[in-house]
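Written out below as structure tokens is the structure these notes cover.
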Amino acid sequence: MINKHPAVATLPKDASIVVAHDGRDPYPLAPPRGPAPAIQEADLRGHVAVWHPRDHCRKSGSLQKTPMTVTLTGIGDESVALNSASWRDSDGASALLLQSNVQREDLEALIRTGSANRCLLYNECLCESCTRGQDCLAQLCDAAISPDDQGPEMQLARSWIAVLGNERFQAESSLGYTTCDLRRRWWQSTGDGGSQQQALYEVPHGCEEHCHVLTIFGSTPKQRRNRHGSILGIPQVLRVERVENRAQEGGVVAGYLRSLERDLASQGLRLQPGLHTRWVFHGTQAVESILYSAEGFDPKLSRAGSVWGLGSYFARDAKYVYGSGFARSLPNGSNQILLCLLATGMSCLGDVQHTGLLPIRQGSHRYTTSVDSLSNPEFFITPSVGAAYPAYLITYRI
């Protein structure tokens, strides 16, 4: 497991590698002992020098108690001063660090120099305030030593399942992780009623299917990055309805899953339901247009300036959707939320600059979804039509 030191240009082949790099990662400018090395102008371009004093640090004999940043623009008076061995703390260690402004595109290009499915880019901050106490380092170490046939990315994605807890995991597994599972296990319609056939079927209260949906709806993992809005009371589920839109499921949804399976196979991966597909929630006022149309979710309706890029947004937890005001409000005071089955495929970290096409993962193959966090994702964003199916409509009251 490494970060993107300025000297790293390519990754070794046939090795599992995790590149954990935040744009603010600093590097020692001078060795622990001895004179500082000469710095060439090419080494300084695109970097800043940040002096991180520890306890009592001295620069030319004067005490410094706060970090100081010097922008490096080339060889000159500033760089001469930076070469000085006086930039050391009280025990002689280097206090001057080089901070690299590495662009995301450069990190993604570096990852592609390694062996296929053997490299993982973790390009987000690892500080405690950002990880909220989650042991991300252990996750990344597990990813780095993952079996060769699994790879670091797949290992990290598996750790997302563990966050859900066993009760929710069992409920999701029982419902199924593909729309084919849903049709075989739960659907009532026969498919011979034409395009105008019934789409909503109420799930009987207390039955196995109903209990599984309520378990997923009420699940909120303890480890979460985003705070839910204030909620006045506990939601009472009034009705659960199964969505049996055969035109949508057998058209864009099934077609997308087949395309995703071929895409993964071209990258040397096997589509694994529950790992490349998952249960998520969506809140919208446009429920009917999603439930009854042949296309379902339309990523183009994403709001401009969305924090993780354009696409259809889904939340891992129902509590975020109804606690943040995204659920549909009905005239009688109740609310509605969609429980969806999303084909995530391979996920990358979201970015406001994502405008429809996600970064290239391997060869000409792109990532298929983006997330708010690579260690503990709570939001999944897809730019693709057919990636999500609105499996259940949940009506509740708070």
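We're numbering straight along the sequence, starting at 1.
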| field | Test item: Ser16 and Ile145 side chains (from C-beta on) under 4.5 Å apart, heavy atoms | value | no

| field | Non-neighbouring partners of Thr369 that pass side chain to side chain donor-acceptor pair (under 3.5 Å), sequence neighbours left out | value | Ser347

| request: Specify whether Phe380 and Trp160 have parallel, tilted or perpendicular ring planes, treating 30° as the upper limit for parallel and 60° as the lower limit for perpendicular. | output: perpendicular

| request: Please state whether the rings of Tyr396 and Phe217 are parallel, tilted or perpendicular, taking 30° and 60° as the class boundaries. | output: tilted

| request: Indicate yes or no for a side-chain donor-acceptor contact from Ser219 to the backbone of Thr215 under 3.5 Å, with no hydrogens or angles considered. | output: no

| message | Tell me which one of Arg258, Arg361, His365 satisfies side-chain hydrogen bond (donor to acceptor under 3.5 Å, both in side chains) with Asp263. | response | His365

| query | Hey, do the aromatic rings of Phe379 and Tyr320 have their centres closer than 6.0 Å? | reply | yes

| said: Between Tyr201 and Ser189, is there a side-chain heavy-atom distance shorter than 4.5 Å? | reply: yes

| query | When you look at Arg112 and Gln362, which way does the side chain to side chain contact (heavy atoms under 4.5 Å, CB included) test go after all the steps? | reply | CA-CA 7 Å; Arg112 292 194 294 270; Gln362 184 185 124; over 6 Å; no

| task | Before giving the answer on side chain to side chain contact (heavy atoms under 4.5 Å, CB included), spell out for Trp186 and Asp181 the whole-Å C-alpha distance, their side-chain angles and the decisive distance to 0.1 Å. | result | CA-CA 8 Å; Trp186 312 110; Asp181 293 336; over 6 Å; no

| Are there more than 12 heavy atoms of other residues, nucleotides or ligands under 6.0 Å from atom CD of Gln170? | yes

| Looking only at heavy atoms, which two atoms of Arg185 and Ser173 are closest? And how far apart? | NH1-O, 3.1 Å

| Would you say Ser115's side chain and Lys13's backbone share a donor-acceptor pair under 3.5 angstrom? | no

| message | Side chains of Arg239 and Ile394, heavy atoms from C-beta outward: is any pair under 4.5 Å? | response | no

| Looking at Pro359 and Arg104, what are the two nearest heavy atoms and their distance? | CG-NH2, 3.8 Å

| query | Of all heavy-atom pairs between Asp372 and Trp308, which one has the smallest distance, and what is that distance? | reply | CB-CZ2, 3.2 Å

| field | Heavy-atom side-chain proximity of Tyr177 to Glu172 below 4.5 angstrom | value | yes

| query | Would you say Leu271 and Leu257 make side-chain contact, with heavy atoms under 4.5 Å? | reply | yes

| query | In terms of side-chain heavy atoms, does Glu153 have a donor or acceptor partner in Tyr367 at a distance below 3.5 Å? | reply | yes

| request: Work out which heavy atom in Cys211 is nearest to a heavy atom in Gly206; give both atom names and the distance. | output: SG-O, 3.7 Å

| said: For a side chain to side chain contact (heavy atoms under 4.5 Å, CB included) check, start with the C-alpha distance between Val19 and Leu120, then their side-chain angles and the critical distance, and finish with the verdict. | reply: CA-CA 6 Å; Val19 178; Leu120 165 66; over 6 Å; no

| field | Nearest atoms (heavy-atom pairs only) where Thr178 meets Leu341 | value | C-CD2, 3.4 Å

| request: For atom CD of Gln188, decide whether the heavy atoms of other residues, nucleotides or ligands shown that lie under 6.0 angstrom number more than 12. | output: yes

| message | Taking the side chain as everything from C-beta on, heavy atoms only, tell me whether Tyr122 gets closer than 4.5 Å to Pro152. | response | no

| Listed once per pair and sorted, the salt bridge (charged side-chain N to carboxylate O under 4.0 Å, His left out) pairs that draw on residues 199-215, sequence neighbours left out | Glu209-Arg242

| Looking at side-chain heavy atoms only, is the closest gap between Leu393 and Leu200 below 4.5 Å? | yes

| said: Students often mix this up, so state it plainly: with edges at 30° and 60°, are the rings of His282 and Phe314 parallel, tilted or perpendicular? | reply: tilted

| query | Given Asn335 and Arg328, is the side chain to side chain contact (heavy atoms under 4.5 Å, CB included) satisfied, shown in steps? | reply | CA-CA 5 Å; Asn335 303 92; Arg328 182 194 191 190; over 6 Å; no

| request: Taking all non-hydrogen atoms of both residues into account, name the closest pair between Phe281 and Val321 and its distance. | output: CB-CG2, 4.0 Å

| Would Lys319 and Asp317 pass as an ion pair if we require N to O under 4.0 Å? | no

